[in-house]
*Asks:* 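Before I ask anything, here is the structure I am working with.
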Amino acid sequence: MSLYSEKVMDHFKNPRNVGVIEDADGVGEVGNAKCGDIMKMYIKVKDGVLVDVKFETFGCGSAIASSSMATEMIKGKPLADALKLTNKAVAEALDGLPAYKMHCSVLAEQAVQAAILDYYKKNNIPYDEADFKDVLSEHEHDHDHGEGEGE
Ligand code: FES
């Protein structure tokens, strides 16, 4: 049995929504300090709905598959729904990730939050910090803290 599901391999080999949105309404960039992988998410928002989402991921196959799947899951959805996207849901939609690769899906969840937070800030839209706990608390995490994330 292969370590990775067919869906992971599919999204890794044919990632959806790769690229840059030049006139993005929000951009979020997150990284994992341990592996050095970086994910950048671009969003276009209209009437509170994510009308377009694109990403660039400089990272492992699981991070690429996770970001691809995450964009598919939030595109066309209201911001409030996109904020509820968890790395677990992304991993489940990919038919699972090996346990030691779960942290890669965390990047996708954080990148979505970071892009929406950027949009809110740019437009002076009030937001609830609780919706952005993964990106706002990042600096409080010390290095080994992320280990159990997503479990
Ligand atoms: Fe870095 Fe997967 S190993 S995100």
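Remember, it's 1-based here, ligands and their atoms both numbered in the order they're listed. A quick note: this is a predicted structure, and the numbers were derived from the prediction, not measured. Worth knowing before you read on, the calculation uses all heavy atoms, side chains too, and leaves out hydrogens, waters and symmetry mates.
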*Asks:* According to a 4.5 Å side-chain heavy-atom criterion applied to Ile, Leu, Val, Met, Phe, Trp and Tyr, with indirect links allowed, do Met73 and Val135 form part of one hydrophobic cluster?
*Replies:* yes

*Asks:* Specify side chain, backbone, both or neither for Asp37, according to which of its non-hydrogen atoms lie closer than 4.0 Å to ligand 1.
*Replies:*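 Side chain only.
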
*Asks:* Taking 4.0 angstrom as the limit, do Lys75 and Asp52 come out as a salt bridge?
*Replies:* yes

*Asks:* Going by the atom numbers of ligand 1, which of them fall below 4.0 Å from some non-hydrogen atom of His103?
*Replies:* 1 (Fe), 2 (Fe), 3 (S)

*Asks:* What atoms of ligand 1 come within less than 4.0 Å of a heavy atom belonging to Ala63?
*Replies:*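 Those of ligand 1 that fall under 4.0 Å from Ala63 are 4 (S).
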
*Asks:* Is the distance between atom 2 (Fe) of ligand 1 and the nearest N/O/S atom of Cys104 smaller than 2.8 Å?
*Replies:*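 For Cys104, the answer is yes, given that an N, O or S atom comes within less than 2.8 Å of atom 2 (Fe) of ligand 1.
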
*Asks:* Within a 6.0 Å radius of atom NZ on Lys13, are there more than 12 heavy atoms belonging to other residues, nucleotides or ligands?
*Replies:*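 Atom NZ in Lys13 is not crowded, with 12 or fewer foreign heavy atoms closer than 6.0 Å.
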
*Asks:* Is it true that some N/O/S atom of Cys35, main chain or side chain, lies under 2.8 Å from atom 1 (Fe) of ligand 1?
*Replies:*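 Short answer: yes, at least one N, O or S atom is under the cut-off.
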
*Asks:* Strictly under 2.8 Å, is any N, O or S atom of Cys60 next to atom 2 (Fe) of ligand 1?
*Replies:* yes

*Asks:* Between Tyr127 and Tyr120, what is the ring plane arrangement, given parallel below 30°, perpendicular above 60°, and tilted in between?
*Replies:* parallel

*Asks:* Which atoms of ligand 1 have any heavy atom of Lys101 under 4.0 Å away?
*Replies:* 2 (Fe), 3 (S)

*Asks:* Taking 4.0 angstrom as the limit, do Lys84 and Asp131 come out as a salt bridge?
*Replies:* no

*Asks:* Please say whether more than 12 non-hydrogen atoms of neighbouring residues, nucleotides or ligands are located less than 6.0 Å from CZ in Phe132.
*Replies:* yes

